Structures are given as structure tokens and as C-alpha cells.
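Being a predicted model, the structure only gives us computed values, none of them experimental. Along the sequence shown, residues are numbered consecutively beginning with 1.
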Amino acid sequence: MASAAALAEDDIIKKRLLIDGEGDGDDRRLNRLLRTFLRFCSPSCPDEERAALYQKLFVLLAQCEFAMGKLQMVQDMNCKELENYTDLVNKIESSVEDAHQKIADSREELTVATQIRQNRQEYNALVKVIQQHPDRLDTVQQLEKLGQELTDLNAKKEQLDDKLSLRRKQFHLLMHSIYELQGVLDDEEKETAMDMS
């Protein structure tokens with residue numbers, strides 16, 4: 001029972017705080033205005049008190065209007081702040097989108113720059129390899145020179161082959177002549193030996 005009473009009391013306090021609004025006593029002011037109005041309208045109210053209640057009603061109405069004007073200003077200010085915050089959120093979202101786009105663009109630029117750098121490195125490596133070898137003009141000149149030397153050497157070879165062929169023929173002829181001469185000498189020796197015998 002004690003806990004139910006505490007809960008009921010908490011609910012009453014919560015309701016009063018919700019009704020009270022900003023805590024300026026709006027509910028009490030409205031209750032006083034209602035009681036004053038009911039007393040003013042009561043037929044048992046004397047005229048002197050009625051005049052005082054009439055003045056009191058104007059004062060209470062002025063206070064309620066002032067509180068309402070104040071709350072209206074707060075509401076207008078809150079609406080403006082909400083618009084400002086909405087604009088700020090839109091600007092921030094736009095800035096975030098721009099930042100994402102810049103990041104994407106920067107990533108693309110980085111990819112391109114990385115590819116360019118890689119191409120430059122490959123180019124430099126190829127340049128080093130190419131520089132190790134003579135250029136085409138020098139190579140062509142060397143090939144022409146070597147071709148000329150090869151032609152000259154082939155011509156010399158042919159001359160030497162012709163000379164060698166001639167020497168072989170001469171040697172063959174010489175050997176043939178030697179065999180014939182040897183044959184003639186052998187025949188003479190045989191004749192001389194026969195003549196002596």
C-alpha cells in the first residue's frame with residue numbers, strides 16, 4: 001500500500017510538472033484566474049469585492065498574456081533555431097558529401113599518380129638498359145664495318161683457297177714428277193745393274 005501511494009504521489013508530481021511547463025507557476029496562475037473569475041461571476045459576491053476582483057482579473061489576464069507572449073517568443077526562437085540547425089545540418093551534410101567527393105577524387109588522382117610513378121620507374125629502368133647498349137646508328141655502322149670485314153675476309157679466303165688449290169695441283173704435279181723421275185731412276189739403276197752383271 002505504501003508503494004502504491006508513493007507511485008500515485010510520483011504520478012501527481014509528474015503531471016503537475018508537465019502542466020507547469022517552464023516552472024513559472026502557469027498552472028497556479030490559471031487556477032487563480034479561474035477561481036477569481038468564478039468568484040466574480042458568483043451572485044453572492046458584493047459589489048465592492050466585485051470591483052476589486054474585476055481589477056484582479058485584468059492583472060491576472062495581463063500576467064497570463066505576458067506569460068503566453070513570453071512562451072510565444074520562446075517558441076518563435078525555438079522555430080528559428082530549428083531552422084538554423086536544419087540549415088546547419090544541410091550545410092554539414094553538403095560539406096560531408098563534398099569531402100567524400102574530394103576523397104574519391106583524391107583517390108583517383110592517387111591511383112593515376114601511382115600509375116604514372118610506376119610508368120616512370122619502368123621507363124627509367126628501360127632507359128638504363130637501353131643506355132647500356134649502343135644506339136642504332138652505331139650498331140648499323142658496326143654491322144656495315146663487320147660486313148665489309150667479312151666480305152674482305154671472304155675475298156681473302158677465296159684467294160687463299162685458289163692459292164691452296166694451285167699449290168695442291170703444283171704439289172700433286174711435283175709428286176707425280178718425282179714418282180716418274182723415281183721410276184726413271186729405278187729403271188736406269190736396273191739397266192745399269194743389268195749392264196754390270
Evaluation steps, side-chain contact (heavy atoms from CB on, under 4.5 Å), between M73 and K70
CA-CA 5 Å; M73 285 185 192; K70 183 177 157 187; 5.7 Å; no
Check whether any side-chain heavy atom of R35 lies under 4.5 Å from a side-chain heavy atom of L38, and answer yes or no.
no
Give every donor-acceptor pair under 3.5 Å between a side-chain atom in residues 102-114 and any protein atom, sequence neighbours left out.
residue, atom, partner, partner atom, Å
D105, OD1, Q101, NE2, 3.0
S106, OG, K102, O, 2.8
T111, OG1, R107, O, 2.9
T114, OG1, L110, O, 2.6

Filter on side chain to side chain donor-acceptor pair (under 3.5 Å), then keep only pairs touching residues 51-65, sequence neighbours left out; what's left?
none
Evaluate Q148 against D152 for side-chain hydrogen bond (donor to acceptor under 3.5 Å, both in side chains), listing each step before the verdict.
CA-CA 6 Å; Q148 185 63 39; D152 293 344; 3.2 Å; yes
What pairs with N119 under side chain to side chain contact (heavy atoms under 4.5 Å, CB included), at least two apart in sequence or on another chain?
Q115, E122
Residues, nucleotides or ligands: over 12 heavy atoms within 6.0 Å of E180 CD
yes
Any side-chain heavy-atom pair of L150 and L146 under 4.5 Å
no
For E49, check salt bridge (Lys or Arg N to Asp or Glu O under 4.0 Å) against everything at least two apart and list the hits.
R39
Set of residues satisfying ring pair (Phe, Tyr, Trp, His ring centres under 6.0 Å) with respect to Y85, sequence neighbours excluded
none
L88 vs I92, test: side-chain contact (heavy atoms from CB on, under 4.5 Å). Steps then yes/no.
CA-CA 6 Å; L88 187 60; I92 290 172; 4.0 Å; yes
Qualifying side chain to side chain donor-acceptor pair (under 3.5 Å) pairs with a residue from residues 155-167, counting only residues at least two apart or across chains
R167-Q170
Taking the side chain as every heavy atom from C-beta outward, state whether K169 and L173 have any pair of such atoms under 4.5 Å apart.
no
Is there a chain of hydrophobic side chains (I, L, V, M, F, W, Y, each step under 4.5 Å between heavy atoms) that links Y179 to F171?
yes
Are Y123 and I130 connected, step by step, through hydrophobic side chains (Ile, Leu, Val, Met, Phe, Trp, Tyr) whose heavy atoms are closer than 4.5 Å?
no
